[in-house]
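Below: one structure, written as structure tokens.
Treat the numbers as computed from the prediction; the structure is a model and nothing was measured.
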Amino acid sequence: MTTTLCVAASAAGARLPALQRQPPHNVILVVIDGLRGRIVTPQTAPEIARLRDAGSYFPNSHSVFPTFTTANASVLATGHQLGDTGDFSNTIYTARQIASAGGSVTPFLENDAVLGELDAAFGGNYLDETTVLEAARQAGYGTAAIGKLGPALIQDHVARDGATTIILDDTTGQHGGIPLSSDIAAKLTAAGLPLSTPGRGANGKSGDCRTPGTISANNAQQDFFIDATTRVVLPTLKARNRPFAMVFWSRDPDGTQHNQGDSLNRLTPGINGPSTFAAIRNADGDLGKLRAALDRLGLAATTDIIVTSDHGFSTISKQSGSSPSAKQTYTDVPPGLLPPGFLALDLANALDFPIFDPEAHDSRLAEGAHPSRGNALLGPDPANPWLVVAENGGSDLLYLPTHDRALAARTINALLAQDYVSGIFVDDALGEYAGTLPLSAINLKGRAATPTPSIVVNFRSTSSGCAIPTNCQVEVADSNLQQGQGMHGSFGRGDTLNFTAAIGPDFRTRFVDVAPVSNVDVGRTMLHLLGLAPPASGKLVGRVLGEAMPGQPMPKTRSREIRSKPAANGLRTTLSFQEVGSIRYLDVGGFAGRTLGLASRSKVGQ
């Protein structure tokens with residue numbers, strides 16, 4: 001087995017000449033949550049396609065793994081890999097109770113109050129890195145983050161006063177939300193806009209195993225966000241007469257794809273039904289409105305726009321022939337399908353451990369029940385668990401608070417016996433285990449302030465059979481959502497392949513960049529465009545996308561694959577990736593035949 005640690009990539013950006021202008025141009029990052037890398041066409045998303053074709057397009061783009069929202073929000077915000085930011089997935093183990101998460105030690109991070117508690121618990125900054133917006137704010141630039149609850153605030157999570165950085169998200173105007181400044185509140189009122197963000201309405205309904213979820217895009221909420229951005233936030237930033245940095249985070253198509261009711265308990269059409277395409281058009285229209293506002297305000301010529309997505313997307317499968325939990329009966333799960341928390345249930349069964357629910361005040365799980373949110377504490381004492389399961393979706397995190405290597409070996413053997421598992425990654429500090437690769441191989445071993453997972457478990461993925469496989473990936477997902485709804489988080493190329501394009505005065509026009517790029521690079525590039533270089537705690541950083549700027553050369557790239565030693569049953573975790581210098585871009589990972597894109601390297605970019 002060959003492993004390497006990603007090291008500081010500043011050298012890759014250091015060769016890029018400093019931008020010779022005063023002041024720097026404005027920078028806007030538009031994140032279209034859950035937009036698949038190959039789903040954009042002039043028919044599905046005309047505004048995104050128009051920007052892509054006129055500016056710089058990055059078809060070889062990458063989410064970081066695990067492919068979850070707050071994880072990728074953290075790398076977009078900082079330009080550092082997850083091993084440094086510590087935001088390993090949407091749900092992590094904090095080793096302490098989080099009051100705003102009901103006292104759970106496995107909080108869901110898409111919550112402003114939870115993020116505030118994490119900051120307080122981990123030295124005032126749970127990411128332990130300076131974000132782009134924080135650095136811009138400290139440099140005197142205007143700053144704003146608008147959109148989805150959680151990832152919007154992550155962009156400048158230490159600025160919670162609502163005055164220094166403008167924050168608008170789902171909880172604006174509500175108890176616990178980031179407050180509005182008197183200036184922004186007055187301008188919203190003058191524009192005829194509410195001071196409280198509208199709810200998602202029907203779009204927020206996920207249904208259950210008998211009732212389909214939503215068939216509506218997230219129109220009302222996103223209309224508020226884009227109207228507030230174009231009619232209040234942008235004019236305010238312009239009036240300050242200084243450069244600005246802004247992030248607009250669209251919940252669609254992600255939220256609609258998760259909850260869609262087009263495919264209850266069926267794998268087709270899955271996330272390719274009419275609800276999804278309505279959601280893509282919703283986000284696409286918002287981009288059009290944003291660009292029109294820049295034109296109207298005279299800002300287009302001095303503003304760079306980077307459009308990306310945090311991750312791809314997949315249809316949920318709940319099928320397994322090996323899982324003991326799928327053979328049990330639950331009141332809210334169709335017979336024969338995997339229940340929420342199946343990984344925790346199957347590990348408790350294999351290890352013969354008691355199981356407790358951290359979202360139910362650490363109560364012991366009753367017979368015939370599953371964990372309420374899939375998270376679990378295993379061992380005789382929930383206050384001192386031997387094994388913690390943080391449920392996330394297409395992959396889960398396992399923590400061994402005692403760092404017991406014998407328990408790690410037993411856990412890995414139990415995982416290797418399950419047909420829904422496809423790839424196991426283990427903390428380097430626990431040693432080497434047959435069938436697994438180390439966390440350092442996938443950029444997860446760095447200077448994180450939060451607890452590092454002991455084991456990351458990837459779940460099986462495949463294609464439902466469309467012409468572009470990454471547009472119809474199907475993955476086993478540990479989730480309260482139903483088979484046929486949407487999820488992400490896996491190491492299949494359908495989830496790691498996101499969308500990235502850019503346009504503006506600092507980017508080349510009609511340019512297709514075939515080099516590998518990632519969300520980490522987007523954060524580094526934003527800092528470069530703004531002329532900022534904040535101090536760093538960790539060294540797992542991305543590179544500046546200089547080749548997409550006029551007069552800069554293409555970087556040298558190479559493709560590589562590493563495989564673990566075989567386990568007793570012959571399974572080997574395989575990792576396929578690309579490199580630019582020492583920077584590693586993760587294509588796919590898992591067991592041969594169980595991860596989309598792994599079996600056919602030639603099709604990894606599809």
*Who passes side chain to side chain donor-acceptor pair (under 3.5 Å) against Thr308, sequence neighbours left out?*
Asn498, Thr500, Asn519

*Nearest heavy atoms of Val247 and Leu133, plus distance in Å*: CG2-CD1, 4.2 Å

_Smallest separation among heavy atoms of His80 and Thr85, with atom names_ = O-CG2, 3.6 Å

*Got Ile98 and Leu118 here, is their nearest side-chain heavy-atom distance under 4.5 Å?*
yes

*Quick one: list whatever passes salt bridge (Lys or Arg N to Asp or Glu O under 4.0 Å) with Arg36, sequence neighbours left out.*
none

*Audit row: Phe88, Tyr93, side chain to side chain contact (heavy atoms under 4.5 Å, CB included) steps and yes/no*: CA-CA 10 Å; Phe88 294 103; Tyr93 171 60; over 6 Å; no

*At what distance, to the nearest 0.5 angstrom, does CZ of Phe342 lie from NZ of Lys318?*
7.5 Å

_Tell me whether the rings of Phe491 and Phe425 are parallel (<30°), tilted (30 to 60°) or perpendicular (>60°)._
tilted

*Heavy-atom closest contact (Asn375 atom, Asp357 atom, distance)*: O-OD1, 4.2 Å

_Short side-chain donor-acceptor distance under 3.5 Å, Thr78 and Glu129_ = no

*Identify the residue among Asp427, Leu415, Asp396 that makes a side-chain contact (heavy atoms from CB on, under 4.5 Å) with Ile455.*
Leu415

*Working to the nearest 0.5 Å, report the span between OG of Ser314 and CZ of Arg493.*
12.0 Å

*Would you please say whether a donor-acceptor pair under 3.5 Å links the side chains of Ser323 and Asp346?*
yes

*Under 3.5 Å: donor-acceptor pair, side chain of Gln155, backbone of Pro151*: yes

*Residue pair Asp478 / Tyr420, side-chain donor-acceptor N/O under 3.5 Å*: no

_I'd like to know if the side chain of Ser325 and the backbone of Leu345 have a donor-acceptor N/O pair within less than 3.5 Å._
no

_Test item: side-chain donor near acceptor, Gln578 and Ser559, under 3.5 Å_ = no

*Could you tell me which non-hydrogen atom of Gly486 sits nearest to which non-hydrogen atom of Leu481, and how far apart they are?*
O-CD1, 3.6 Å

_Set of side-chain contact (heavy atoms from CB on, under 4.5 Å) partners for Thr462, sequence neighbours left out_ = Val474

*asked:* Donor-acceptor pair, distance only, cut-off 3.5 Å: does the side chain of Asn413 make one with the backbone of Arg410?
replied: no

*With the threshold set at 4.0 Å, does a side-chain nitrogen-carboxylate oxygen contact exist between Arg447 and Asp128?*
no

_Between OG1 on residue Thr525 and CG on residue Leu545, distance to nearest 0.5 Å_ = 3.5 Å

*Looking only at heavy atoms, which two atoms of Asp84 and Gly446 are closest? And how far apart?*
OD1-CA, 3.7 Å

*Does some side-chain heavy atom of Leu437 sit less than 4.5 Å from a side-chain heavy atom of Val426?*
no

*Lys556 (side chain) donor-acceptor with Glu579 (main chain) under 3.5 angstrom*: no

*Would you check if there is a donor-acceptor pair between the side chains of Trp249 and Asp33 at a distance under 3.5 Å?*
yes

*Tell me, with the steps shown, if Ser322 and Asp419 meet side chain to side chain donor-acceptor pair (under 3.5 Å).*
CA-CA 6 Å; Ser322 65; Asp419 62 5; 3.0 Å; yes

*Is a side-chain donor or acceptor of Arg373 paired with a backbone partner of Asn480 at a separation under 3.5 angstrom?*
no

*How far does CZ of Arg405 sit from CD1 of Ile412, to the nearest 0.5 angstrom?*
11.5 Å

*With distance as the sole test, does Asn60 use its side chain to make a donor-acceptor pair with the main-chain N or O of Val514 at under 3.5 Å?*
yes

*Scan Thr70, Thr67, Thr69 and name whichever one has a side-chain hydrogen bond (donor to acceptor under 3.5 Å, both in side chains) with Asp310.*
Thr69

*Give me the ring orientation class for Tyr585 and His62: parallel if the planes are under 30° apart, tilted from 30 to 60°, perpendicular past 60°.*
tilted

*State whether a side-chain donor-acceptor pair under 3.5 Å links Asp381 with Asn384.*
yes

*Residue pair Arg543, Arg524: steps toward the side chain to side chain contact (heavy atoms under 4.5 Å, CB included) verdict*: CA-CA 6 Å; Arg543 67 182 181 91; Arg524 299 300 292 180; 6.0 Å; no

_Strictly distance-based, threshold 3.5 Å: is any side-chain N or O of Thr94 a donor or acceptor partner for the main-chain N or O of Val105?_
yes

*asked:* Does the structure place the NZ or CZ of Arg460 under 6.0 Å from the centre of the six-membered ring of Phe591, at an angle of no more than 45° from the ring's axis?
replied: no

*Please confirm whether the backbone N or O of Ala101 pairs with a side-chain atom of Asn111, one donor and one acceptor, at under 3.5 Å?*
no

*With respect to Thr574, which candidate in Leu598, Thr595, Ile562 satisfies the side-chain contact (heavy atoms from CB on, under 4.5 Å) definition?*
Leu598

*For the pair Asp521 and Val544, evaluate side chain to side chain contact (heavy atoms under 4.5 Å, CB included) and give the outcome as yes or no after the intermediate values.*
CA-CA 6 Å; Asp521 299 339; Val544 175; over 6 Å; no

*Is any side-chain heavy atom of Ile154 less than 4.5 Å from a side-chain heavy atom of Asp87?*
yes

*Considering only NZ, NE, NH1 and NH2 on the basic side and carboxylate oxygens on the acidic side, decide whether Arg251 and Asp170 come within less than 4.0 Å.*
yes

*Mark yes or no for whether Ser89, through its side chain, and Thr91, through its backbone, hold a donor-acceptor pair below 3.5 Å.*
no

*asked:* Test side chain to side chain contact (heavy atoms under 4.5 Å, CB included) on Phe122 and Arg96; report intermediate values, then the result.
replied: CA-CA 11 Å; Phe122 294 100; Arg96 63 197 76 192; 3.7 Å; yes

*Between Phe313 and His258, what is the ring plane arrangement, given parallel below 30°, perpendicular above 60°, and tilted in between?*
perpendicular

*Can you find a side-chain donor-acceptor pair between Ser490 and Ser395 that sits under 3.5 Å?*
no

*Does CD in Gln319 sit with more than 12 non-hydrogen atoms of other residues, nucleotides or ligands closer than 6.0 Å?*
yes

_Contact summary for Leu378 and Phe353, nearest pair of heavy atoms_ = CB-CD1, 4.0 Å

*Say you draw a straight line from CD1 of Ile32 to CD1 of Ile39; how long is it, rounded to the nearest 0.5 Å?*
13.0 Å

*Is the backbone N or O of Ser461 less than 3.5 Å from a side-chain atom of Glu475, with the two atoms forming a donor-acceptor pair by type?*
no

_Phe68 and His311: CA distance, side-chain angles, deciding distance, ring-ring contact (aromatic ring centres under 6.0 Å, His included) verdict_ = CA-CA 7 Å; Phe68 293 109; His311 47 69; 7.7 Å; no

_Rounded to the nearest 0.5 Å, what separates atom CG in Leu407 from atom OG1 in Thr402?_
6.0 Å

*Between Glu359 and Thr106, do the side chains contain an N or O donor and an N or O acceptor separated by less than 3.5 Å?*
yes

_Looking at Asp254 and Lys148, is there a salt bridge between them, counting it only when a charged N and a carboxylate O are closer than 4.0 Å?_
yes

*Taking atom types as modelled, find out whether Thr165 and Asp156 have a side-chain donor-acceptor pair closer than 3.5 angstrom.*
yes

